[in-house]
Amino acid sequence: MTRELRPAPAVDASNVVARATALCKSYGVGEARVVALDRVDVAVRAGELTAIMGPSGSGKSTLMHCLAGLDSADGGEIWIGDTEITALDDRELTRLRRDRIGFVFQAFNLVPTLTALENITLPLDIAGRRPEPGWFTRVVDAVGLGDRLGHRPSELSGGQQQRVACARALVARPRIVFADEPTGNLDSRAGAEVLDLMRLGVDTFGQTIVMVTHDPVAASYADRVLFLADGRVVEEMADPSAEKVLERMKRAEGAR
Ligand code: ADP
Ligand code: MG
């Protein structure tokens, strides 16, 4: 994979799309209580692909779900742009999710009765918005499905389905896209095609994307990797390579 080296943008408030401060979340009570997020501070920079890594159970999905307003936090603040989502009621949150957030799930979550094209336009249809014609064409072209756009998900490969799901997340031009293990169900070739599409979203559409992964190769597509352990961000890596990430994972494994 060839990729232009870009200078890392400086972190200043205007450059941050999503921010969490002192984010706490636990599940269960008493003996069964599990602290999933333990005062997490994170800032997601605009126009970057940020990867979140960490052992199973370290809080990756919980962090994503809280940042995306799909799950509520117990304490701390979350901001998407200049909106504090931890202060919104359910109706406002639903609206913010619809208008400003895209989500890509490990299991694709396409609507089986709709064609690929209908799946891509679904969020716009629900919001009563028309696709911007030039933009829509670019996103659909980037998916690279050609004449299979009229097919239903069951007639597409896993990689094709996930590319449709990425396009569905990108087409509404959300402030931020969250992807939880988007390549987790794919072989390496199909995974690479999905990662290329996300990279294109960032590099040519200026999209901001946060992706959870446990795969060092997937993480190498990111501009920055945040490592979680036991509900905390323990390390940050700029300009990751698969080798550097693998080495870091081995070190963390050895320290356990
Ligand atoms: P990861 O995505 O890194 O594997 P999660 O965010 O899913 O981690 O989970 C973090 C911790 O919270 C784990 O110990 C997990 O068992 C626990 N947890 C997550 N979701 C729930 C839930 N709905 N009920 C109870 N415990 C949960
Ligand atoms: Mg998870």
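Atom set for the values below is all heavy atoms of this structure, side chains included, hydrogens, waters and symmetry mates excluded. Just so you know, ligand 1 is whichever comes first in the structure, and atom 1 is the first atom listed for that ligand.
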Atom pair CG (Leu23) and CG (Leu37), whose distance is rounded to the nearest 0.5 Å: 5.5 Å
Residues Gln106 and Asp180: side-chain donor-acceptor under 3.5 angstrom: no
Gap between atom CD of Gln207 and atom CZ of Arg199 - 0.5 Å precision: 12.0 Å
Test item: protein heavy atom less than 4.0 Å from atom 11 (C) of ligand 1: yes
Ala36, Gly57, Gly231: member with heavy atom nearest to atom 1 (P) of ligand 1: Gly57
Nearest protein heavy atom with distance in Å, relative to atom 7 (O) of ligand 1: Ser61 CB, 3.8 Å
Test item, Ser56 contacting ligand 1 (heavy atom, 4.0 angstrom): yes
Spatial distance of atom CG (Leu122) from atom CG (Leu110) [nearest 0.5 Å]: 10.0 Å
Flag for Thr21-Asp41: side-chain donor and acceptor within less than 3.5 Å: no
Cationic tip of Arg33 above Tyr27 ring, under 6.0 Å, 45° of axis: no
Contact partition for Thr62 relative to ligand 1, non-hydrogen atoms under 4.0 Å: both
Sum of protein N, O or S atoms, each under 2.8 Å from the Mg ion (ligand 2): 1
From CG (Leu156) to CZ (Arg152), nearest 0.5 Å: 11.0 Å
Closest approach of any protein heavy atom to atom 16 (O) of ligand 1, naming residue and atom: Val34 CG1, 4.9 Å
Pairwise distance NE2(His65) to CZ(Phe103) - rounded to 0.5 angstrom: 4.0 Å
Distance from atom 25 (C) of ligand 1 to nearest protein heavy atom, with residue and atom: Tyr27 CB, 3.3 Å
Pairs under 3.5 angstrom only: tabulate donor-acceptor contacts from the side chains of residues 129-136 to other protein residues two or more places apart or in another chain.
from	atom 1	to	atom 2	distance (Å)
Arg129	NH2	Ala172	O	3.1
Glu132	OE1	Arg173	NH1	3.2
Trp135	NE1	Val171	O	3.1

Min heavy-atom dist Gly54 to ligand 1 below 4.0 Å: no
Residue and atom name of the nearest protein heavy atom (relative to atom 8 (O) of ligand 1), distance in Å to one decimal: Gly59 N, 3.2 Å
Cationic N near anionic O, under 4.0 Å, Glu247 to Lys250: no
Inter-residue atom distance Glu193.CD - Ser188.OG, 0.5 Å rounding: 10.5 Å
Per-atom contacts of ligand 1 with Pro55, taking only distances under 4.0 Å to non-hydrogen atoms: 3 (O)
Under-4.0 Å heavy-atom contact between protein and atom 14 (O) of ligand 1: yes
